Each structure stands twice: as structure tokens, then as C-alpha cells.
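All values derive from a computational prediction rather than experimental measurement. So that the names make sense, note that chain A is the first sequence line, chain B the second, and so on, each numbered from 1.
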There are 2 protein chains.
Amino acid sequence: MSNKTIEDIENRIASLLKRSDLSVTESRRKILHLFLEQPGALAHGDIERKAGEKFDRVTVYRTLQAFVDKGIIHTIPTADNSIRYALCKDDCSAGHHHDHHVHFVCSICNNTYCLDDVVTPEIKLPKGYHAEQVEVVVEGVCKNCKGRE
Amino acid sequence: MSNKTIEDIENRIASLLKRSDLSVTESRRKILHLFLEQPGALAHGDIERKAGEKFDRVTVYRTLQAFVDKGIIHTIPTADNSIRYALCKDDCSAGHHHDHHVHFVCSICNNTYCLDDVVTPEIKLPKGYHAEQVEVVVEGVCKNCKGRE
DNA sequence: GTAAAAAGGCAACATAGTTGCAAAATATTC
DNA sequence: GAATATTTTGCAACTATGTTGCCTTTTTAC
Ligand SMILES: [Mn+2]
Ligand SMILES: [Mn+2]
Ligand SMILES: [Zn+2]
Ligand SMILES: [Zn+2]
């Protein structure tokens with residue numbers, strides 16, 4: 001039974017990679033697995049560690065870059081200058097990201113979350129400026145950390 | 001006449017440093033000068049270059065850190081993970097920044113601007129999340145680059 | 001001017017990220 | 001399913017970024 005589930009996930013991973021024109025390799029499967037099995041965002045370092053030092057640093061960089069290029073994950077800028085990565089929900093594809101949601105960084109547990117339901121607001125700019133993309137990062141205390149500060 | 005102006009600026013710089021409990025040193029004067037003489041934000045690299053390789057890298061790092069700590073400059077996170085620094089307008093002091101404005105990064109000239117008059121919007125978060133700070137970075141085409149794309 | 005305090009420069013180190021190239025793994029074709 | 005063509009990986013080497021300890025120099029306070 002449990003085996004069935006694991007197989008399911010692996011199939012899902014493989015088909016996602018194929019759909020994105022990426023060959024199915026061990027590192028890509030492993031890293032995609034990391035993203036699927038947890039809710040928050042991952043930093044490059046997290047991935048290197050969680051992958052169990054099984055892959056070269058360069059491979060992790062290249063894998064993440066490939067995933068971003070193909071619209072599988074998106075980057076999240078943070079105030080402390082450490083890029084996080086998170087799964088794109090659905091409508092992103094190669095060359096075009098459509099992630100217009102707000103990101104949240106918890107100052108206690110340091111986890112980063114995509115708030116998929118909170119859309120980035122319109123920003124009224126001074127004359128002459130033309131907006132192409134708006135990034136909103138909120139820092140504060142997350143659901144889980146509330147109360148146990 | 002022109003000498004008078006230069007002297008004025010130097011006096012302004014010195015008093016700003018003293019008010020912030022920072023001793024007046026050559027590197028601090030020089031770096032503060034760089035911020036005062038141009039409108040946009042500066043990256044660490046810009047400063048190293050513009051200071052004319054006169055100061056050690058470490059000094060630049062420590063100077064910028066001191067300025068941030070004292071509320072003289074603030075950091076601006078960007079999507080490409082390179083921190084920019086810009087002057088705080090007035091009401092920031094040691095330990096407490098009050099920069100609630102939107103930042104703008106031009107995708108053509110790559111300059112970063114503080115839009116001091118554009119305040120960061122309220123973000124309605126899902127239940128359980130508590131916001132402490134909101135960072136908004138808009139990417140697009142700036143005033144100067146508009147037209148000559 | 002002198003002494004105390006602060007800041008700067010240097011060396012050494014740590015982490016992050018990139019590139020070229022040969023070896024290995026994956027996909028394609030028969 | 002084996003042979004071949006294509007991709008991807010790992011390694012080495014390199015650049016960039018950022019930090020720390022320690023001694024010297026500069027600044028400040030008296
Ligand atoms: Mn997201
Ligand atoms: Mn600003
Ligand atoms: Zn938390
Ligand atoms: Zn511009």
C-alpha cells in the first residue's frame with residue numbers, strides 16, 4: 001500500500017520532468033521530491049544538505065536553474081539576501097512565470113511561505129515609471145510560531 | 001564660491017557622523033559623500049569601485065554596516081540577490097528604521113531608486129500570520145530610460 | 001600633547017556561484 | 001535490447017562575496 005504511494009509520487013515526478021522537456025535523472029527526481037514533500041520554500045543550502053551530500057554543488061545549481069527556466073519552481077527574494085525556491089502552483093511554463101502572490105518569511109522559524117491566495121497589490125508609481133513586476137515580501141510571525149514566541 | 005559649497009557638504013557630512021556617534025574618518029566621509037552626490041542606491045561593488053580602490057574591502061563592509069546600524073542608510077533587497085544601499089531620508093535612527101516606501105529597480109539601466117512618496121500598502125494576510133515588515137520592490141522601466149529602450 | 005578608544009589594513013578563512021571539459025547517465029534509433 | 005547520439009554530471013579551477021582576529025594607525029577625550 002505504502003509502496004503504491006511512493007510509486008505514485010515517483011510517477012508524478014517523472015511525468016512533470018518529461019512534460020518540461022527535462023530528462024529524468026536521479027538528482028532532478030531527488031530535488032523535486034524535496035520540494036513536493038514539504039510546504040515551505042527551500043534555500044540552496046537546505047537542498048544541498050537534505051539531498052544528503054549525494055550530489056555535487058554544481059549539479060544543484062544547475063538543477064535549480066533548469067527548474068526555474070522551465071517554470072517548475074520560482075525564486076523568492078528575501079531581505080537577508082538569500083534566495084529561496086518554491087514550487088510554482090500550476091500556470092507557470094517555460095519562459096513565463098505567473099506568480100503574483102505575496103511571500104512570507106517568519107522571523108522566528110525562518111521558514112518562507114508562498115501565500116498563494118494573497119495577490120500582489122497594484123502599486124501607483126510616480127509619473128514616468130513603468131512597472132513590469134511587483135515583488136512583495138512580508139516579514140513577521142507565522143501561523144505555527146504564533147503563541148510560542 | 002565653489003569651495004564654499006564643498007566645505008558645506010563636508011561640514012554636513014561631519015555633523016551627520018557626529019550626530020550618529022561615529023568618529024569622523026576618511027573612509028566614512030568618502031562613502032557618505034558618494035551617497036549624497038547621487039540620487040539612486042549603491043551596491044557594495046559600486047562603492048568599492050567609486051571609492052577608487054582607496055579603501056580595503058573590509059573597511060567598506062564595516063562602514064556600510066555601521067551606517068545601517070546607525071540609521072544613516074537602509075538596505076534594499078532585489079530579485080537578483082544583490083543588496084543595494086540608500087540614504088535614509090530623515091526619521092531613521094540607531095536601531096530603528098522607518099523606511100516604509102517602495103523601491104524600484106530599472107530593468108534597463110539597472111539603477112535602484114527609493115520612491116520615498118510611495119508608501120508600502122497594507123497586506124491582508126491569512127489568519128494566523130502576523131506582519132512586522134513589508135518590503136515591496138517593483139521592477140520595470142525608470143523615468144530616464146523610458147523612450148530610449 | 002598624551003592616553004584611551006575606535007577604526008583601518010592585512011591575512012586568512014568561509015561561503016556562494018560560474019565555467020570548461022571529460023566521464024557517466026539518459027534518450028533515441030534501429 | 002544493443003549501439004549511438006544527446007544530456008547531464010562531477011571535478012577542478014576560478015571569481016566574487018562576506019567574515020574574523022590581530023596588530024597598526026587614526027581619532028577622540030582630557
Ligand atoms: Mn511563491
Ligand atoms: Mn529606500
Ligand atoms: Zn515561523
Ligand atoms: Zn533606468
In whole angstroms, how far is the P atom of D/dT8 from the CG atom of A/Leu17? 11 Å
B/Leu64 atom CG is separated from D/dT17 atom C1', nearest whole Å, by 13 Å
Would you mind reading off the distance between A/His44 atom NE2 and C/dT15 atom P, rounded to a whole angstrom? 13 Å
About how many Å separate CD of A/Glu135 and OG1 of A/Thr78, when rounded to the nearest 0.5 Å? 11.0 Å
Measure the distance from CZ on B/Arg57 to C1' on C/dT15 and round it to the nearest whole Å. 12 Å
Report the nucleotide, chosen from D/dT19, C/dG9, D/dG10, that has the shortest atom-to-atom distance to any side-chain atom of A/Asp56. D/dG10
Test item: A/Asp46 side-chain N/O and A/Ala43 main-chain N/O as donor-acceptor pair under 3.5 Å: yes
Rounded to the nearest 0.5 Å, how far does CD1 of B/Ile31 lie from CD of B/Glu48? 9.5 Å
Which nucleotide in the set D/dT20, C/dC21, C/dT18 lies at the smallest distance from any side-chain heavy atom of B/Val58? D/dT20
note: A/Glu48, atom CD; C/dG17, atom C1'; distance rounded to Å ~ 11 Å
In short, A/Arg84 meets A/Asn111 closest at the heavy-atom pair NH1-C, 4.5 Å
B/Phe67 atom CZ is separated from C/dG8 atom C1', nearest whole Å, by 14 Å
Mind running a 4.0 Å heavy-atom check of residues 22-33 of chain A against DNA chain D and sending the residues that fall below it, in number order? A/Ser23, A/Thr25, A/Ser27, A/Arg28
Under a 3.5 Å distance rule, please check whether B/Arg28 uses its side chain to pair with a backbone N or O of B/Ser23 as donor and acceptor. yes
Nearest of C/dG8, D/dT19, C/dG17 to any side-chain atom of B/Tyr61? D/dT19
Mind calculating the distance between CD1 (B/Ile83) and P (C/dA16) to the nearest angstrom? 14 Å
Under-3.5 Å donor-acceptor pair between B/Arg62 side chain and D/dG18 base: no
Out of C/dT18, C/dC10, D/dG10, whichever nucleotide has its closest atom nearest the side chain of A/Thr59: D/dG10
Do B/Ser107 side-chain atoms and B/Gly140 backbone N/O form a donor-acceptor pair below 3.5 Å? yes
Output the distance between atom OH (B/Tyr113) and atom SG (B/Cys106), rounded to the nearest 0.5 Å. 6.0 Å
What is the separation between atom CG on B/Asp21 and atom P on D/dT27, rounded to the nearest whole Å? 18 Å
